[in-house]
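Here is the structure we will look at, set down as structure tokens.
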Amino acid sequence: MSQDIKETVREKYAEAALQVLGGEKGSCGPSGACGCDPVTENLYNAAETGGLPEGAVLASLGCGNPTALADLHEGEVVLDLGSGGGIDVLLSAKRVGPTGKAYGLDMTDEMLALARANQAKAGATNVEFLKGEIENIPLPDRAVDVIISNCVINLSADKRRVIAEAFRVLQPGGRFAVSDVVCRGEVPDAVRHSMELWVGCIAGALEEREYTRLLADAGFTDISVEPTRVYEFKDAGSGGIMAAFIRARKPGLR
């Protein structure tokens with residue numbers, strides 16, 4: 001099923017990129033899921049979006065604002081897993097400044113084309129978009145200071161692998177700081193097997209304790225899950241779903 005999930009996600013996000021290239025707001029899921037109000041509305045303030053290309057804003061399909069919560073510093077190297085149209089990469093690039101760098105990783109050619117066009121419009125020279133899968137990050141060990149992501153890890157069918165790869169490419173002392181959808185209870189099997197709901201960031205969401213366990217198993221410490229938005233969704237299980245900001249740290253000193 002994992003390959004089917006990957007291809008479905010790729011197709012839907014390619015479609016969303018083409019929508020944006022056509023001047024429309026990108027959308028990738030059913031109402032109330034990623035890519036649709038109310039999950040994606042009002043995540044960025046006017047000061048953040050005012051200096052960005054319209055295509056980056058229209059392609060925002062996340063559930064949070066990890067760049068605002070990750071406490072990025074001048075000179076750091078940041079990697080955005082599943083960077084889409086590039087909004088969080090471009091915002092990160094501003095925060096780390098000319099001595100830092102922001103990478104975006106995406107598997108969808110259409111999204112990469114959109115992101116690179118947005119980079120050119122923004123004149124961002126400390127940005128690089130990479131083609132690849134978040135389960136196999138095309139960077140060497142200890143290459144980045146901070147991992148961010150915005151409602152993408154839940155789309156992977158192999159989250160353990162994603163988290164292990166994030167740990168591998170982080171510097172000792174590096175930070176994992178992602179926005180993601182998390183379940184507060186068990187998700188029914190019927191929802192887990194729904195491709196539409198998987199693309200919409202619901203079917204693939206981890207339960208909160210499972211998320212923290214996977215992070216700990218990979219070697220992360222200082223793990224926390226902070227709810228940022230809580231949503232009612234009748235089929236999501238007894239505990240519902242929430243957008244959360246998930247923090248962790250790779251042990252060691254840089």
Side-chain angles (χ1 to χ4, degrees), residues 42-53 56-57 60 62-106 115-116 118-130 132 134 137-153 162-180 211-212 215-216 218-228 243-254:
N42 302 321
L43 297 175
Y44 304 92
N45 61 45
E48 290 174 308
T49 61
L52 296 177
V57 179
S60 173
C63 59
N65 185 348
T67 59
L69 299 171
D71 191 25
L72 302 178
H73 303 292
E74 189 89 14
E76 288 189 316
V77 179
V78 183
L79 169 63
D80 182 12
L81 300 180
S83 49
I87 185 169
D88 293 315
V89 178
L90 295 176
L91 289 173
S92 296
K94 289 183 178 181
R95 290 189 167 93
V96 301
T99 60
K101 184 162 186 175
Y103 288 104
L105 175 63
D106 206 281
R116 288 166 180 152
N118 289 331
Q119 175 189 356
K121 291 176 184 176
T125 58
N126 60 339
V127 164
E128 183 177 350
F129 288 100
L130 307 171
I134 62 176
I137 299 172
L139 286 173
D141 296 355
R142 303 183 177 191
V144 303
D145 301 300
V146 186
I147 295 278
I148 65 170
S149 186
N150 199 343
C151 200
V152 172
I153 294 174
V162 174
I163 290 169
E165 277 288 275
F167 189 88
R168 178 184 67 80
V169 302
L170 277 172
Q171 293 267 12
R175 308 189 303 284
F176 180 89
V178 309
S179 293
D180 212 352
Y211 213 131
T212 59
L215 287 166
F220 283 103
T221 60
D222 302 329
I223 301 164
S224 65
V225 178
E226 175 189 343
T228 52
F245 185 62
I246 300 147
R247 301 175 192 263
R249 183 177 292 275
K250 182 174 180 175
L253 297 175
R254 283 179 284 182

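No hydrogens, no waters, no symmetry mates; every other heavy atom, side chains included, goes into these values.
- Here CG of Asp145 is found 11.0 Å from CG of Leu79. Values are rounded to the nearest 0.5 Å.
- Between Leu139 and Leu105, every side-chain heavy-atom pair lies at or beyond the 4.5 Å cut-off.
- Not a single side chain to side chain donor-acceptor pair (under 3.5 Å) links Glu226 to another residue, sequence neighbours left out.
- Annotation: ring pair (Phe, Tyr, Trp, His ring centres under 6.0 Å) contacts of Phe176 (sequence neighbours excluded): Phe220.
- In this structure a side-chain-to-backbone donor-acceptor pair under 3.5 Å is missing from Asn150 to Ser179.
- In this structure, the separation between CD on Gln171 and CG on Asp141 is 10.5 Å, given to the nearest 0.5 Å.
- Here the shortest heavy-atom pairing between Gly104 and Val89 reads CA-CG2, 3.7 Å.
- A donor-acceptor pair is defined here as one N or O able to donate and one able to accept, closer than 3.5 Å; such a pair exists between the side chain of Asn118 and the backbone of Gly85.
- Here the straight-line distance linking atom CG of Leu69 with atom CD1 of Ile246 works out to 11.5 Å at 0.5 Å rounding.
- Between the side chain of Arg95 and the backbone N or O of Ala70 there is no donor-acceptor pair closer than 3.5 Å.
- Listed here is the closest heavy atom pair of Ala216 and Ile223: N-CD1, 3.6 Å.
- The two residues Pro66 and Ile148 have their closest heavy-atom pair at CB-CB, 4.2 Å.
- Partners of Arg142 according to the side chain to side chain donor-acceptor pair (under 3.5 Å) rule, which considers only residues two or more places apart in sequence or in another chain, do not exist here.
- Taking the side chain as every heavy atom from C-beta outward, Leu170 and Val144 approach each other to under 4.5 Å.
- Listed by chain and number, the residues in a side chain to side chain contact (heavy atoms under 4.5 Å, CB included) with Ala115 are Phe129 (sequence neighbours excluded).
- Interatomic distance, CZ of Arg249 versus OG of Ser224, reported as 10.5 Å (0.5 Å rounding).
- One distance of note links CG of Asp222 with CG of Leu215; it measures 11.5 Å at 0.5 Å rounding.
- Contact between Ile134 and Ile153 at its shortest, heavy atoms only, is CD1-CA, 4.2 Å.
- Checking side-chain atoms of Lys250 against main-chain N and O of Gly174 turns up no donor-acceptor pair under 3.5 Å.
- Under a 3.5 Å cut-off, the side chain of Asp88 and the backbone N or O of Ser149 do not form any donor-acceptor pair.
- Between the side chains of Thr67 and Asn65, at least one donor-acceptor pair of N or O atoms lies under 3.5 Å.
- Applying the salt bridge (Lys or Arg N to Asp or Glu O under 4.0 Å) criterion to Arg116, with sequence neighbours excluded, gives no partner residue.
- Listed by chain and residue number, nothing satisfies the side chain to side chain donor-acceptor pair (under 3.5 Å) test with Arg247 (two or more places apart in sequence, or in another chain).
- Minimum heavy-atom separation, Pro98 to Glu74: CD-OE2, 3.7 Å.
- When all heavy atoms of Leu90 and Gln119 are compared, the pair lying nearest together is CD2-CA, 4.1 Å.
- To the nearest 0.5 Å, atom CZ of residue Arg175 and atom CG of residue Asp71 are 6.0 Å apart.
- For Glu76 (side chain) and Val96 (main-chain N/O), no donor-acceptor pair under 3.5 Å exists by modelled atom type.
- By the side chain to side chain donor-acceptor pair (under 3.5 Å) test, Tyr103 pairs with no residue at all, sequence neighbours left out.
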